[in-house]
Amino acid sequence: MEEFNKLFRLFLWLRRNQSPLATNTVAMPTVTPAVILRRTSAFLEEVLSQPELRRSALTASRRRLSSPDPTTLQALALLSQHLDSAAGPQHSASLRTAEKLLLTLPSKNPLSSTLLALVHALRRRPREAGLSLLDLFEIDPSPSRYEIAAAVFEDLFIPHLLPAIQWFADQRSRILGSHSLSDLDLKELEKRYESILDENTRAYAKYLKEVIGLDDSGWEDLPAPQVVLKKVGSGDGGLEDDAEEENDDGEDDERRRFGSTSGRDPMWSEDNQLNEFLSRQSTRVETKTLKTSLANSRRTVPSLIGRQASTDSLNAGVKLNSDFRHGFSSEFSSEDSNEYDSGKQEKMNMRISSFPSIEKQYQDLEQTSSETTCYQMFDSDSILPTGKSTPPKDFVCPITSNIFDDPVTLETGQTYERKAIQEWLERGNSTCPITRQNLQSNQLPKTNYVLKRLIASWREENNAYSTPSRSEHPSPKEDVSDASLLRHTASPTSVISQANIDGTTSDLRSLISSLCTSEVLAESEIAVLQIEQLWREAGPEPEALPVLSKPAVVNGFVEILFNSVNNNVLRSTVFMLSELASRDQLVVQTLTRVDSDVDCMISLLKKGLVEAVVLIYLLITPESLIEIDMVDALMMVIKRREDESISMCLKPRTASLFILNQMLRVENQKNVSELVSALISERVVEGVVLSLEAELIDERLAAAEILLTCMKEDGSCRNIIADTAEFEPLLESFSTANDDQRFLIVHYLAELVKLSRRTFNEQLLHIIKDGGPYSTMHILLVYLQTALQDQSPIVASLLLQLDILVEPRKMSIYREEAVDAFISCLKGRDFPNVQLLAAETILALQGRFSSSGKSLARAYLLKRAGMNKSYRAIMRAEQMGHVLGNSDENLQEEKAADEWERRVAFALVSHEFGLLFEALAEGMKSKQPELFSTCLVCATWLIHMLSLLPDMGIRGVARASLLKSFVSILKSSRDVDDKALAMLALRSFMNDPDGLHDLTSYIKYILKALRDLKKSSALAYEMLKLLSDGQETSADIWNHKELAQVYCSSNGEVLSIICIKNRIISGHSDGTMKVWSGADGVLQLIQEAHEHSKAVTSLVVSGDKIYSGSMDKTMRVWSIRKGEIQCLEIHDVKDQVQSMVVSNTISCFIPQGAGVKVISLNGGSKILNQNKQVKSLALVQGKLYCGCHDNTIQEIDLATGTTGTIQAGNRKLLGKSNPIYMMQIQDGLLYTTNSPLEGAAVKIWDTSNYNLIGSLPSTMEVRSMFISTEFIYLGCKMGIVEVWSREKLTKISTLQCGTSSKILCMAVDADGELLVAGTSDGRIQAWGLT
C-alpha cells in the first residue's frame, strides 16, 4: 500500500482548501447537480486536452484488468483515432462506433467507464459523462481515488470523508502511543482504513449519481449517506467513543459528518502524531519526488528491475515537519506547484499566525522532532559542512576552491582537480600554476587515490558529501550517524525486523570502514565480498541501500575496480555498483562525475569482465556512445553463452543489446553500415535473434529493432534471421506494447518477409497469421485504424498479405481497409515522403525480391517488355545470377511467384472499381523523380496484370487514368527503360479493341518511339507490325507530305541549310543567312542576316552554337536566342571556305587549293593531305574523313596525323573524274556518294575495319545527302529527292521539287518529322512525315 502517498495527497487537500479539520470551521461545500457536473466536466476537459494526463488515466484503468477484452480495446483504438483526426466532436463515425461497442459490454470495468466518459464528453453530453465518471468510484474506488480521477475525488469526495480521515489519525495515534506497539496492529489499521474509504466512496458515488439524475428541484430531498466507521477493537475505540467522551451536548451526528465543532480541535491536537506518521512512512515508501527523480535519470532500467527509494526521497517527512510553519519546503513546492500555489501558501501562513495555540504547537513540534521521529533520517549529500567541519586546505583545489573530486598530483608536488588543471594546460600553459615550474609532460598522472580516500573518510565523519565553494554559507544541520541511518531505514511498523537489522549494523559499519579506509588491498577486497553476501541475504529491498549509496562508499568500490586483479572481487564490485546504480540516481551521479571511472569499467569489459556491461549501460548516455569504442566487447558478450551463476538487475546480454541498439540509433549512416557489417560478419546476428525469446519485453523489442536495422542496411542477413527466429514471443508483446513499439514489431515482420524465396515467404506469413494469443489480422486491423500516416503503408502491407493467404478472390474488411490506406497515402500531395513509401510498399507486394530484399518488379517488367539486356544487368547487380537459370527449384519458385503476383494484383485492382489507378496517376504527376519512377513501375505492373486476369470491367478506368501519361513518357522520356515500361503498358491496352481505338489518337508519337526501341526490344517490333497492319518495316508505314515551298531566287542558290530549336536556317550564294519558322507546316521568315559578303557555303551545328563558312574567307560563330541568331565571333581563315565540318574547338574546311585546312578556334592552323584535291568532309571523334576528286576515301587521325585509306582512287570513268560528292557518318557507318556509273551511287563502309557493307543502287546523280534514324535522303538533279530505307536499303519513295533544279542541301529536324531541301534555283521545299 502506498499509505504515505495517499495520506499526503489528502493532507495537501486540507492545506489547500482550508478544510474544517484544518480551519476549525464547519462550512461544507454545497453539492448540487451543477457543482458535480462542473467538476466532472472540468476534469474530463483537462484529460482530453493533455495527452500525458489522458495516457496516465487510461493506463491506470487498463492496469486493473488482467486481460482486456477485444471490444474494449477496439473502442480505445477508435477513440484514439478520433483524437488524432480533425473530425468534429459530434459527427465522428469513430465516436459513435466506440460508444456502441462500450454500451454492448455485459459488465462495466474501469477502462470501459473511463472510455465511455471521454466519449460522452467529446459528444457534448456532460450529464452522461459525469455518470460514467462516477461509475469508476463505484466499480473500483481505490485506483479511482489515487490514479485515475484524483482531482474529482479531492473536489467531491474528500469533504464528505473527512471524519474517516480524522478517525484514522486518532486510531493510529493511540496505537503508536500504547506500550504494546505491534507491527500487526498498524497493518490491520491501514487495511481497515482502506476498506472504510472504499465502502464510503462507493456509497457517496451512488448518491452523487442520484443527484445528477434528478431534476433541478428534486435533489434537495435526497439525504446524503452517513460516513460508516468500523471499530478496530475494544481497546482502540472509534470516532463514536471519542464523540461521547468529548462532547455530550448531542452534536455527535453533526461531528460525524463535518468534523468537531467544539472548542477542542481534534485534528490539531493530534498534529504531531500525524506528522510523525508521515515522516516515518517516508523512510519506506517511494514518494513523488523519487518517481520524478527516476523519471529524469540518465538511464531507465526496464520495468522488471526493482528500485529502492534514494536518500533524497527519504527526507520528505523531515522537511515537511521542520518547515511546516513556513508552508511546504522547496522540495515539495517545486513538485506540487500545481496543487499549492504561492497565494494560497501566504494565506495559510497568515491563518496559522492568527492562532497562538497552533503557533505554540509548531514550536513544540520543532523542538521535539528529533525525539518523536526516531525513524527519520537525513540525506548526507544534502548536508553542507558547518564552520566546525571546514575541510582541510589540502582537500581543496587551489584553482576551483572546491573539495577534490578527482585529485591529481603533478611532478612539482602540487595537487589540483583534474578538470581544472586539464583546462589550464589546454589554454597553452606549460607550468605549474603555483610553483611556476616547467612541466616535463602535458599528460596528467593517475588519480591520487590516497588523497581521494582521505577526503572520502573526512566526508564520512562530517556528513559532508557535497563540494561547496568557500563562498557558501550553509545553515547547520543535525548530525546523524551512520549507525542510526542504517538502523532506522526500516518501516516504522516493522518492529520485529528491527532486531535483525541491529544485528548486522556493526558488521556492515566495519566492512564499509575496511572498504573505504584500509590501506591493505586484500582487506578491502574481502570487505567487498562480504558486503555482497549481506546484500544478497537482505532480499529484494535491502535496508542498507542509503548507507551504501553514499559517495564515499561508492568511491571505495571504484577504487577496487582500479586496483584489484581478482576476477571474483571485480565481479562482486561490479554487481554491487550495478545494484546501487539501478536503485539510486545519486550513485549514477557519483560514478559519472569522473570520466576515468567509466573508462575503467569499459576497460574491464574489454578484458572479459562481461558483468561490467550492465554497469556501463546504467551510467552512459546515448550521446556519449558515439565516442566510445566497445563494439567488439559488446559482440563478445552477445555471442557468449549466458552465465546464470550471478543474478544481476540486468543480464549482461540484455545490457549489451540495449547499448548496441542505442549505438545504432545515434551513429551516422556510415558508421551504422560498418557496425551492421561487423554484426553480420562476426555472426552476432544469431545471438541477437535468441533475444527475441527473452522474458523481458524490452529486450525482445531491442532485438527486433537491431535486426530491422541490419535487414535495411544489408538484406543478406534476412535468411539467417528467418531460419532461426521465433515469432510467438514477439506477437505476444504486441497487445501490451505502446504505439511506437507496435509499429516496430510490424515493421520488423514486414521486412522479414522480403526473402528471395517466394515459398519461404508464404510459410512465414502463415506462422505470423496463426501465431500470438489473439487474431493477428484483427489486431493489425485495429492498429491500422489508429496508426500514423507514415506508418499506415507498412501496416496495411502486412495485413493485406495475411488476408490474401485466406481467400484471394473473396472480399474482406481486412483487404478493404488495407487498400484504402494505400490510396489515402498516395493521394496525399502534401506528404510526398508518405506517397513514396506507399508506392514502394505496393511495388514490394509484387513478391519478387533480390537476396538483399530489394524489389525486382522493375527488372521483371523490363524482361516482359523485351529489354533483356536491362533485365540481366539488374539481376547481376543484385547478385541474382542464379535465378537466370532454369533449374527445377527456380521453376518451382517462379510458379509460386506468378501465383502470388496474380493474387495480389487482383486484390489491388478490384478494389472500388480500380480506384487505385487514379491514385497512381496522381503520383506520376509528381516532380519528385523517385516518386514518379516508383508510381510508373506500379502502374505498369498492375496494367500488365490486367491483361492476364479475367476481365473485371476496369480496363477502361485504367486507360482513362493513365493512357495520356504513358504516351507522354513514351514520347518525351530520356530514360530508355521508362520508355520500355510505358510501351509494355500500352501493349496491354492493345489487347482490348477499345484500347486499340484509343491509341489511334497518339499513333504518330507511338510509332516514332517504337522505331527507336525496335533495336533493343522485340516487343517494339511486334507492336510496330500490329500498328502497321502487318507491314514488314516501320519505314513502310510512313509517307512524306509536301508542306510548303518558298522562293528566294533574289538571294541566289541555297547552298546550305540546317534545323535547330524549331528554326530553319538557310545560307545563300549572295552571303545572306535567313531564319525560318516551320510551325503548322508553313515556312515563315523570321530574320535575315547579312554578315557575310559572299556565298555561305556551309552551316554546321555543334553543341548549342552555329558555325557558318563563306567564300569571303571568314568563319562566324552564332548563337540562337529567342528564335533569332546573333553573331558571337568572327574568324579570318585566310581562304575561301568550300565545305566545312566542326567538332568542339576544331574546324576543318576545304580551301580553294589542295588539302584540308584545320583551324583551332583557340588559335593556330595547319594544312593536311596537301597532295589531294578534297571534295567532301566528315568529322567524328577526332577522326577526319576525306572524299577526294580521284575517288579516294581517307581517314586522318587529327591527334597523331596518321592517315588510313578506306578506298583507293585514281580511277576515271569515260575520261571523267569520279569525285566523292558527299560524306556522312551515322552509328559508326560511313555513307559516301559518287557517280552511279559504278552501279551504286551510295556506298556504305564500316569505319572500324574499312569494309564495304552495303550500297544503294540509285541511278541518279547525287549532289546532297542526309541520313535520319529511319531514312536515307538523296538529293539529285532535276529537283528529285529519293527516300531509301536504312534498314533494308530499299527505295521507298521519290519526292519532287521543281523540274530543272539541283538539290544542293538537305536537313531533318530533331524529331525526324520535317525534311527541308535547298535548290539551285533559290527554292526551299519542306515535307512532313506522316
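These numbers were taken from a predicted model, which means no experiment stands behind them.
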Note to self: Side chains of P392 and W458, heavy atoms from C-beta outward: is any pair under 4.5 Å?
What the structure shows: yes

Note to self: Please check this pair: side chain of S582 against backbone of S578, looking for a donor-acceptor N/O pair closer than 3.5 Å.
What the structure shows: yes

Notebook entry, point to check: Going by an N to O cut-off under 4.0 Å, is there a salt bridge joining E751 and R718?
Noted result: yes

Notebook entry, point to check: Between R742 (side chain) and F734 (backbone), is there a donor-acceptor pair under 3.5 Å?
Noted result: yes

Notebook entry, point to check: Backbone N or O of E693 within a donor-acceptor pair of the R700 side chain at under 3.5 Å?
Noted result: no

Margin query: Quick check on E537: does its CD atom have over 12 non-hydrogen neighbours (other residues, nucleotides or ligands) under 6.0 Å away?
Written below: yes

Check: When you measure from the side chain of N555 to the backbone N and O of P551, does any donor-acceptor pair fall under 3.5 Å?
Finding: yes

Next item on the list: Kindly state each residue pair satisfying ring pair (Phe, Tyr, Trp, His ring centres under 6.0 Å) with at least one member in residues 541-569, sequence neighbours excluded.
Entry: Y449-F562

Note to self: A quick test of your reading: do over 12 heavy atoms of other residues, nucleotides or ligands sit less than 6.0 Å from CZ of R683?
What the structure shows: no

Note to self: For E705, is there an ion pair with R665 - N to carboxylate O distance below 4.0 angstrom?
What the structure shows: yes

Margin query: Please check this pair: side chain of Q741 against backbone of N738, looking for a donor-acceptor N/O pair closer than 3.5 Å.
Written below: yes

Notebook entry, point to check: Do side-chain atoms of S603 reach the backbone of D599 as a donor and acceptor pair under 3.5 angstrom?
Noted result: no

Item checked: Student check: side-chain heavy atoms of V685 and V689 closer than 4.5 Å -> yes

Margin query: Could you check whether E699 and T654, counting side-chain N and O atoms only, form a donor-acceptor pair closer than 3.5 Å?
Written below: yes

Check: Going by atom types only, do S673 and E713 share a side-chain donor-acceptor pair under 3.5 Å?
Finding: yes

Note to self: For T409, is there any backbone N or O sitting under 3.5 Å from a side-chain donor or acceptor partner on N448?
What the structure shows: no

Next item on the list: May I ask you to test the Q589-L586 pair for a side-chain heavy-atom distance under 4.5 Å?
Entry: yes

Item checked: P433 vs I399 side-chain heavy atoms within contact, under 4.5 Å -> yes

Margin query: Treating S572 as the side-chain partner and N568 as the backbone partner, does any N or O pair qualify as donor plus acceptor under 3.5 Å?
Written below: yes

Check: Which heavy atom of L692 sits nearest a heavy atom of A704, and at what distance?
Finding: CD2-N, 3.8 Å

Checklist line | Nearest-0.5 Å distance, CD of residue E579 to OG of residue S549 | finding: 11.0 Å

Next item on the list: Give a yes-or-no answer on whether the side chains of R653 and S691 include a donor-acceptor pair shorter than 3.5 Å.
Entry: no

Margin query: Here's one to test your reading of the geometry: is the NZ or CZ of R536 within 45 degrees of the ring axis of F575 and under 6.0 Å from its centre?
Written below: yes

Notebook entry, point to check: Side chains of S716 and D714: do they bring a donor and an acceptor to under 3.5 Å?
Noted result: yes

Note to self: Please check: side-chain N/O of S681 versus main-chain N/O of A678, any donor-acceptor pairing under 3.5 Å?
What the structure shows: yes

Next item on the list: Ignoring hydrogens and angles, tell me if any N or O in the side chain of E411 forms a donor-acceptor pair with the backbone of Q440 under 3.5 Å.
Entry: yes

Margin query: Assess whether a salt bridge exists between D405 and R459, defined as any Lys/Arg side-chain N lying under 4.0 Å from an Asp/Glu carboxylate O.
Written below: yes

